[in-house]
Amino acid sequence: MTEGLHTPAGLYRRMRLIRGFEEMALRLVKSGDIVGGTHPYIGEEAVAVGVCAALADDDLITSTHRGHGHVLAKGSDPARMLAELAGRETGLNHGRGGSMHAADVSVGILGANAIVGAAAPIAVGAAWAARRSASGKVVATFFGDGGLNQGVLLEALNLAGLWQLPVLFICENNGYATTMPTRTGVAGTAVGRAEAFGIPASTVDGMDVEEVRDAAAVAAALARRGGGPSLIECMTYRFGPHHTMEHRIKLSYRTQEEIDEWRTRDPLDIQGRRISPDVRDQLDAEIGELLAEAERFALASPHPDPAGALDYLYASGLVPRGGVVA
Amino acid sequence: MTEGLHTPAGLYRRMRLIRGFEEMALRLVKSGDIVGGTHPYIGEEAVAVGVCAALADDDLITSTHRGHGHVLAKGSDPARMLAELAGRETGLNHGRGGSMHAADVSVGILGANAIVGAAAPIAVGAAWAARRSASGKVVATFFGDGGLNQGVLLEALNLAGLWQLPVLFICENNGYATTMPTRTGVAGTAVGRAEAFGIPASTVDGMDVEEVRDAAAVAAALARRGGGPSLIECMTYRFGPHHTMEHRIKLSYRTQEEIDEWRTRDPLDIQGRRISPDVRDQLDAEIGELLAEAERFALASPHPDPAGALDYLYASGLVPRGGVVA
Amino acid sequence: MPRLSYTKALNRALGDELERDPAVCVFGEDIGAGIAQLTLGLLSRFGHDRVVDTPLSEQAFTSMATGAALCGLRPVIEFQIPSLLFLTFEQIANQAHKMSLMTGGQVHVPVTYVVPGSGSREGWAGQHSDHPYSLFAHVGVKTVVPATPSDAYGLLVSAIRDEDPVVVFAPAGAMNVRDDVDFAALGPVPIGQARVHRAGDDVTVVALGHLVHDALAVADELDGEISVEVFDPRSVYPFDWEALAGSVGKTGRLVVIDDSNRSCGLGAEVIATVCEEMTLTAPPKRVTRPDGAVLPFALELDRAVQPGRDQLIAAVRTVMK
Amino acid sequence: MPRLSYTKALNRALGDELERDPAVCVFGEDIGAGIAQLTLGLLSRFGHDRVVDTPLSEQAFTSMATGAALCGLRPVIEFQIPSLLFLTFEQIANQAHKMSLMTGGQVHVPVTYVVPGSGSREGWAGQHSDHPYSLFAHVGVKTVVPATPSDAYGLLVSAIRDEDPVVVFAPAGAMNVRDDVDFAALGPVPIGQARVHRAGDDVTVVALGHLVHDALAVADELDGEISVEVFDPRSVYPFDWEALAGSVGKTGRLVVIDDSNRSCGLGAEVIATVCEEMTLTAPPKRVTRPDGAVLPFALELDRAVQPGRDQLIAAVRTVMK
Ligand SMILES: Cc1ncc(C[n+]2csc(CCOP(=O)(O)OP(=O)(O)O)c2C)c(N)n1
Ligand SMILES: Cc1ncc(C[n+]2csc(CCOP(=O)(O)OP(=O)(O)O)c2C)c(N)n1
Ligand SMILES: [Mg+2]
Ligand SMILES: [Mg+2]
């Protein structure tokens with residue numbers, strides 16, 4: 001089980017970390033310290049934390065454009081994560097990735113992908129490698145309801161189903177792909193799609209971290225003993241905009257009532273009720289400090305040197321020709 | 001109903017035409033008159049003919065790399081079809097398409113596609129246009145069992161299911177994608193996949209042209225009255241190689257027994273038994289003459305002028321720069 | 001004269017064409033809401049039969065447009081991000097582009113693909129900052145990259161009316177440009193026709209899209225010292241070689257500024273064709289993205305990888321030596 | 001010395017690498033049966049864990065290779081037809097290529113993509129006859145196009161050992177070439193290193209893949225009249241500019257024969273770089289496929305669209321004038 005996620009309080013704490021991190025990120029987008037905006041994970045914390053709670057430290061995940069929650073849930077350092085969003089050299093990706101690509105391979109995150117659905121076959125490949133080496137690792141791949149409509153993800157379901165690979169397909173069904181309601185984009189259901197490829201699937205309450213964790217634990221155990229992939233559809237909701245730039249244009253794809261309704265099922269409150277108020281307050285305070293420290297670290301970190309703009313482009317060390325050759 | 005396919009004898013005659021055409025094509029590949037080889041349709045005739053028998057003349061189809069049967073079933077002139085395979089100016093595509101692209105738009109064939117699965121969304125687009133214009137047309141799109149694994153085809157199922165478009169997805173399950181048995185390539189089933197997208201689906205005996213026709217007729221009627229798409233999986237078999245070049249290398253992906261077994265269910269015999277031997281002989285003779293004439297026509301036709309190699313590249317009349325500019 | 005923004009010009013062009021021709025329809029993600037501004041207000045004006053919100057199935061809806069085009073419609077596709085052109089490269093380059101020739105002229109495919117916000121958006125990182133117009137020039141799909149609001153209007157109109165597939169790149173760096181525009185004079189701009197934004201005698205600077213504005217600024221800056229002709233091909237493919245021959249014939253010197261990766265980009269094509277077919281009095285120069293460039297996230301890195309004014313000035317000075 | 005065919009050389013290289021390094025594995029369609037000959041006999045030698053027959057899901061298995069590479073494997077993918085590179089352009093150009101930079105060097109993606117039978121196969125028509133190596137040079141994916149059996153062996157070996165994605169094009173027109181080969185001397189050929197097949201003084205002919213053999217034939221034919229240097233870059237990207245500078249420095253004249261479409265192809269890049277950075281005594285020339293070419297089916301049309309010897313001779317004579 002991923003470190004720190006063994007107890008109800010641990011689950012709460014990690015969700016609070018994500019919530020606080022995302023709120024801080026919103027603030028830093030407004031202040032201009034984070035350029036390019038973010039896709040906030042606020043409201044969906046139980047999914048990432050629940051799934052990672054069911055994984056071992058050396059299990060693997062792939063993440064998405066809305067990836068901060070996954071990265072923090074799997075155990076990345078929030079300070080280096082924030083430094084990444086702020087485009088600093090100390091960031092997880094040395095400032096090369098930013099919000100949509102921030103990832104920490106050392107804790108088992110095989111990249112965050114800005115192309116919807118694109119990570120699923122990468123996860124399948126990692127699972128194939130894991131099976132081949134009999135490492136016992138499983139791979140969880142996160143994607144949204146919109147991702148269900150990407151051909152490559154459906155192809156990936158077929159390969160995983162065919163070869164019985166240790167993959168957890170985690171569908172974060174937050175009701176919308178940007179402005180498109182899931183029901184107008186997805187014919188049939190997520191569960192039905194998985195089952196069509198011979199993959200067992202279930203739908204869980206994505207606002208309840210323990211319910212997510214329990215389902216993921218069953219799937220991980222199945223995968224680990226060679227029983228193949230599963231899909232878990234987590235019904236969830238983003239409390240905020242699709243992207244921080246959403247406010248620039250008047251959108252009316254969902255009602256205030258709907259948002260309010262979902263807010264009554266805040267995953268932090270659901271889990272918060274499972275721990276004592278004192279502990280909750282203490283954890284909130286702890287996280288507050290930790291994030292304040294992360295912010296100090298990130299904003300004090302150096303910006304990358306423009307001379308290194310193409311560093312890391314080729315692993316072999318090939319130095320590309322510049323855009324102007326003297 | 002496509003002209004000529006109203007009666008049992010008509011169905012037999014069209015299948016005989018395809019069979020004879022394909023045998024002639026094999027001969028002309030050997031003789032070098034057809035360059036590049038063919039993907040023979042021999043054994044699968046009942047699928048194309050059965051489906052086209054359920055379509056109206058102005059309904060549309062899309063075809064595949066193994067497309068000769070579809071093109072002839074929909075009513076193209078065999079002589080111009082053969083001229084196409086022989087690369088002549090009189091060919092359906094003026095010698096520009098060849099075996100994998102031969103198509104006759106005037107009888108409702110929206111191209112034959114050499115990329116597996118690629119035609120399905122094209123058919124969906126045609127169906128969308130048909131629905132928008134309330135033309136009442138339906139579109140049948142043929143693809144193999146291998147095509148079931150192409151992401152774009154799965155995406156197309158979603159769009160058709162979502163928007164309830166008048167499409168007939170015709171899966172020609174001939175047991176193999178080149179050398180890969182369907183069961184090792186397809187997790188789940190064709191029918192299950194369609195159903196996952198809310199599309200009604202059934203499996204029929206693809207060696208029995210009347211059974212195929214009946215299923216297609218039901219699907220076409222449903223589509224025509226706004227009831228949306230269907231998928232029909234036709235269980236069939238190619239009696240010959242995947243491609244005429246297959247013999248160049250020793251392959252053992254299927255047994256002689258299996259081939260012999262399927263040959264006992266030759267679609268021409270199944271339908272042939274439904275008409276009198278006299279009629280059958282007469283039709284066989286008619287087709288023989290017709291094909292002999294087609295061969296004469298095709299082989300007497302002029303080759304295209306190399307100066308026109310890029311004719312038709314741009315519909316707007318743009319003349320591309322040549323490969324050498326003096 | 002009223003001011004028209006680049007974004008509004010595109011929106012207006014699309015609206016006008018939808019109005020003019022019932023065969024025109026639009027497919028894309030979130031286009032009902034109009035989040036990329038291109039389609040703002042069009043759903044309510046034209047309805048769900050003309051403005052179609054699609055699921056995230058770019059490959060299928062790109063070929064769906066092809067199928068609809070084969071049946072007489074003139075679909076326009078909006079892609080939210082430039083790299084969706086990688087995802088749909090098969091559907092555009094191998095399907096839509098090839099159908100006319102492969103069928104021996106039996107069909108044509110009048111589909112327009114629009115990317116509002118191509119190139120760097122600053123801070124959108126590696127997978128959202130591509131400018132792959134040279135790829136389409138290579139495969140031979142008609143490709144335009146308007147620099148100004150009136151060209152954005154006119155080229156989008158021409159693209160929609162064209163009988164062949166056309167890709168329209170609307171660079172993020174140009175989308176805030178505003179222009180004084182006589183609305184009555186707005187009209188189609190022929191595909192394949194260049195525009196000289198500023199005449200000059202000493203050196204021809206070929207610039208495209210947002211870089212036209214950088215080239216104009218550089219021309220201003222060098223005014224008095226070096227007389228720069230700013231040549232905007234507007235279409236990457238087909239390219240207006242005749243007009244370029246006229247410009248280079250006058251100046252005898254050439255610099256290309258090009259937001260593509262260097263190798264096999266538009267800059268290479270321009271220099272190659274000029275050196276084969278025209279006469280220069282000094283070696284030409286390119287200012288481009290580096291070879292194989294992937295735009296890093298951090299702003300200073302993102303900018304370091306894009307061609308800019310300082311580099312252009314240096315290149316112009318070099319060819320003048 | 002024993003004769004080795006190009007096809008057998010590729011097969012041998014792949015077998016040797018599978019033998020040498022347990023991290024190497026192969027994905028592709030019908031590779032168990034070995035219908036493209038590249039993988040003939042490898043399934044029985046190495047088993048299903050190393051040689052994996054895939055369903056027709058090119059996009060997924062291409063990214064699957066990326067995922068396996070992230071976990072320490074070195075996958076090789078066989079694509080049956082060149083246009084599958086269009087279908088998987090997203091997975092190669094936007095995923096595999098970008099991961100190292102986007103993660104700040106946390107990962108690398110050592111995957112090799114092989115197309116046995118690229119370019120025209122004669123009579124396979126529009127969707128099976130592409131030669132899109134310039135596209136990969138543009139996006140910056142390492143790309144090699146070997147011309148001979150020993151280069152096919154050596155470049156495939158180097159591609160597999162390389163830490164980055166590499167595309168290997170094996171032109172249909174070269175796959176029947178045979179060579180006298182000393183098996184003991186077979187070894188890796190560095191990516192990015194050119195080979196001069198024939199030295200000459202008057203003109204440098206840059207030729208790649210099967211066209212190297214045409215260039216050699218033309219050099220023979222012109223022998224006595226014009227002294228042709230046949231320069232084979234072998235790698236399209238990275239390109240061996242240093243060696244080309246040496247050749248052009250000697251001859252002062254340049255012709256490129258290139259089986260890409262003309263616009264923004266390798267030919268353009270070679271001419272552009274030479275004209276920017278080197279000195280020619282006569283204008284250079286390209287012999288290429290036409291702009292936007294789609295290969296028509298009929299043999300005489302198929303051939304008319306490909307660059308050929310007569311055109312090369314004419315081009316060489318022109319630059320010698
Ligand atoms: C293939 C692809 N298409 C479109 C986009 C633009 N885009 C980014 S996120 C998004 C919506 C994704 O919806 P969903 O998968 O449900 O995830 P969510 O944003 O709801 O978490 C879109 C359309 C993209 N990044 N990739
Ligand atoms: C996308 C794609 N992948 C691979 C190929 C090469 N190829 C041509 S036909 C074929 C097998 C197709 O199998 P199936 O769809 O079952 O049709 P069948 O040949 O059995 O009629 C393959 C792999 C192709 N043309 N397109
Ligand atoms: Mg969603
Ligand atoms: Mg099959």
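Lettering of chains follows the sequences in order, A, B, ..., and the numbering in each one begins at 1.
- Proximity of a side-chain donor or acceptor of C:Gln106 to a complementary backbone N or O of B:Val105 within less than 3.5 Å is detected.
- With a threshold of 4.5 angstrom between heavy atoms, C:Val52 approaches chain B through side-chain atoms but not through N, CA, C or O.
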(request) Check step by step if side chain to side chain contact (heavy atoms under 4.5 Å, CB included) holds for B:Arg132 and C:Cys25. (result) CA-CA 11 Å; B:Arg132 212 188 80 148; C:Cys25 52; 3.8 Å; yes
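- Proximity to chain C (any heavy atom under 4.5 Å) is shown, for B:Leu313, by both the backbone and the side chain.
- From B:Gln150, atom CD reaches atom CD of C:Gln59 across 9.0 Å, with rounding to the nearest 0.5 Å.
- Chain C forms more heavy-atom pairs under 4.5 Å with one residue of B:Ser106, B:Ala156, B:Gly97, B:Pro121 than with any other, namely B:Pro121.
- Heavy atoms closer than 4.5 Å to chain B are found nowhere in C:Lys98, neither backbone nor side chain.
- Heavy atoms closer than 4.5 Å to chain C are found nowhere in B:Leu153, neither backbone nor side chain.
- The parts of B:Leu110 that come within reach of chain C are both its backbone and its side chain, each placing non-hydrogen atoms under 4.5 angstrom from that chain.
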(message) Run C:Gln91 and B:Val152 through side chain to side chain contact (heavy atoms under 4.5 Å, CB included) and show every step you take.
(response) CA-CA 10 Å; C:Gln91 287 74 32; B:Val152 77; 3.9 Å; yes
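- Ring centroid separation for the pair C:Phe27 and B:Trp128 comes in under the 6.0 Å cut-off.
- Neither the backbone nor the side chain of C:Ala69 comes within contact range of chain B; no heavy atom of the residue lies under 4.5 Å from a heavy atom of that chain.
- Using a 4.5 Å cut-off between heavy atoms, B:Leu162 contacts chain C through its side chain alone, with no backbone atom that close.
- Contact record, C:Glu163 with B:Ala315: CB-CB, 3.8 Å, taken as the closest heavy-atom pair.
- Using a 4.5 Å heavy-atom cutoff, the side chains of C:Gln95 and B:Ile122 are in contact.
- Annotation: maximal heavy-atom pairing with chain B below 4.5 Å, among C:Gly105, C:Gly192, C:Ser100, C:Pro22, occurs at C:Ser100.
- Comparing C:Gly104, C:Pro75, C:Pro110 by how many heavy-atom pairs each has under 4.5 Å with chain B, the most go to C:Gly104.
- The candidate with the highest count of non-hydrogen atom pairs below 4.5 Å against chain B, out of C:Pro165, C:Ala68, C:Pro238, is C:Ala68.
- In this structure, the portions of C:Met102 lying under 4.5 Å from any heavy atom of chain B include both its backbone and its side chain.
- Looking at every heavy atom in both residues, B:Trp163 comes nearest to C:Asp53 through CZ2-O, 3.6 Å.
- Atom CG of C:Asn94 and atom CG of B:Asn113 lie 8.0 Å apart (nearest 0.5 Å).
- Looking at B:Arg321 and C:Phe239, their side chains never come closer than 4.5 Å, going by heavy atoms from C-beta outward.
- Summarising the geometry, atom CG belonging to C:Leu101 is positioned 8.5 Å from atom CG belonging to B:Asp311; distances are rounded to the nearest 0.5 Å.
- Here the OG1-CG distance, from C:Thr54 to B:Leu159, works out to 7.5 Å after rounding to the nearest 0.5 Å.
- When each of B:Val124, B:Val139, B:Ile115 is checked for heavy-atom pairs under 4.5 Å with chain C, B:Ile115 comes out on top.
- The most heavy-atom pairs under 4.5 Å with chain C, out of B:Ala129, B:Ser316, B:Ala112, come from B:Ser316.
- Contacts of B:Ala309 with chain C are made by backbone atoms alone, with heavy-atom separations under 4.5 Å and no side-chain atom involved.
- Rounding to the nearest 0.5 Å places OH of B:Tyr314 at 4.5 Å from NE2 of C:His97.
- Using a 4.5 Å cut-off between heavy atoms, C:Asp162 contacts chain B through its side chain alone, with no backbone atom that close.
- Side-chain contact between B:Leu318 and C:Lys142 is present, with heavy atoms from C-beta onward closer than 4.5 Å.
- Interface remark: C:Glu58 contributes backbone atoms only to the contact with chain B (heavy atom separation under 4.5 Å).
- The structure places CG of C:Asp49 at 7.0 Å from CZ of B:Arg131, a figure rounded to the nearest 0.5 Å.
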(request) Kindly indicate, with the supporting measurements, whether the criterion side chain to side chain contact (heavy atoms under 4.5 Å, CB included) is fulfilled by C:His108 and B:Tyr312. (result) CA-CA 9 Å; C:His108 57 271; B:Tyr312 315 117; over 6 Å; no
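- With a threshold of 4.5 angstrom between heavy atoms, C:Thr62 does not approach chain B through any atom at all.
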